[in-house]
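Just so it is clear: chains get the letters A, B, ... in the order the sequence lines come, proteins before strands, and each one is counted from 1.
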There are 2 protein chains.
Amino acid sequence: MSGVEDTDRAIVRSLAEDGRLSYTDLAERVGLSVSAVHQRVRRLEQRGVIKGYAARVDHEALGLPLSAFVAIRPIGAPEPDDAPDKLAGFPEIEACYSVAGDDFYLLLVRVAGPADLERLLQQIRVAANVTTRTTVVLSTPYEGRPPQV
Amino acid sequence: MSGVEDTDRAIVRSLAEDGRLSYTDLAERVGLSVSAVHQRVRRLEQRGVIKGYAARVDHEALGLPLSAFVAIRPIGAPEPDDAPDKLAGFPEIEACYSVAGDDFYLLLVRVAGPADLERLLQQIRVAANVTTRTTVVLSTPYEGRPPQV
DNA sequence: GCTGAAAAATGATTTAC
DNA sequence: GTAAATCATTTTTCAGC
C-alpha cells in the first residue's frame, strides 16, 4: 500500500516528466476531465506528494561544468551531528544524503572547476569538522528521470 | 566566461526554485518587463540552458521509500562500455553518473524496499556484467537545491 | 469524485517607441 | 529593452450529477 492510487501516479509521472504540462494535456493523458485532474493535482500538492516544480538546468551552460560526490565523515569522536545544517549555506551543494556505510553523508556538489572544488572541500572540512572523500563526475548519461509508476 | 549573463542567471535560478513562476512574477524578481523576461526565457530554453521542467516528488509517498547509490564496475576485462545504455531500461534508476575513481558509474536508485533493492541489484549485475557496491540512503536532509547564481 | 461551462488570469504575439 | 493591445490558452471556480 502506497497511499497513492493509479490515476494519481500517472499524473505525478507526467508532471515529473514535464512540470509545465497544462491541465488540458494532463487530462487527455490520464483520461479525465480538466476539472478532475485539476483537483487531483491540488490534492497531490497539498498532501506533499508533489513537493514543487523546478526547471532542469544545464550546469555546464551555467558555468558549473564540474560535478562531484563528496563523502564526509566526522573527525574523531562523532559529536552531536548537524553537518547538514552547517553545510546548508554552501550554494555549491545541491544535495545532502545521510547514508549507511563508512561515511556519514554524501553530498552532490557543482562547481566551476578544480580550483573551486579544492576551495569548497577545504571549507566543508572546516565548517563541519569532517574528512572528505571526493568522486569526480566525468559525464552524466542521465539524471533526474521520472520515478517508477 | 560562462556564456550566461547575470540577469539570465537570476531567471534560471528563480525557475530552478519554482518552475511554475509566472512571467509577471519573474519580471518582478529580476527587474525587467514581462516581454523582456519572456523572450529571455525562450532563448534560455532554446539554447538548452533550461532543459525542461519537472515536478519534485515525494518518493516515500509514491511508495518508493528506499533510495540507494549503486557504484558499479565491470567484471573482468573492461569491454566496450555501454552500461548506461544497458541500464537505461530500469525505471528504478533515476540517475547514472560516469565517475572517476575505482568505480565506473554511480547510480541513484529508488525502490519500495530491501527485497526490491536486492532484485534490482541482481538484474543490474546481469544486464551490465558488473559488480555493485551499494550505499543505502537513510534520510535526505536536502536535495535538488537550485544552482549557484 | 467527476463533468461541463463560465469567469478570471495568464500566455503568446504583435506593434510602436 | 519598454509599454500597450490583442488573441488564444489556461487556470480557477462553481453548479449539478
| said: Checking the side chain of A/Y105 only, and the main-chain atoms of B/P141 only, is there a donor and an acceptor separated by less than 3.5 Å? | reply: no
| query | Are A/E28 and A/Y23 linked by a side-chain donor-acceptor pair shorter than 3.5 Å? | reply | no
| message | Quiz question: by atom type and distance under 3.5 Å, do the side chains of A/T132 and A/R125 form a donor-acceptor pair? | response |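 A/T132 vs A/R125: donor-acceptor pair found between side chains.
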With the side chain counted from C-beta on, respond yes when [X] and [Y] share a heavy-atom pair under 4.5 Å apart, and no when they do not.
X	Y	value
B/L66	B/D116	no
B/P147	B/R13	no
A/E92	A/R110	no

| With A/T135, the side chain to side chain contact (heavy atoms under 4.5 Å, CB included) member among B/D102, B/D103, B/V99 | B/V99
| task | Encode nucleotides 10-17 of chain D as B, S and - characters from 5' to 3', where the letter depends on protein heavy atoms closer than 4.0 Å: B to the base, S only to sugar-phosphate, - to neither. | result | SSSB----
| field | Range on DNA chain C touched by chain A, heavy atoms, distance below 4.0 Å | value |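 Nucleotide range in contact with chain A: C/dG1 to C/dA5.
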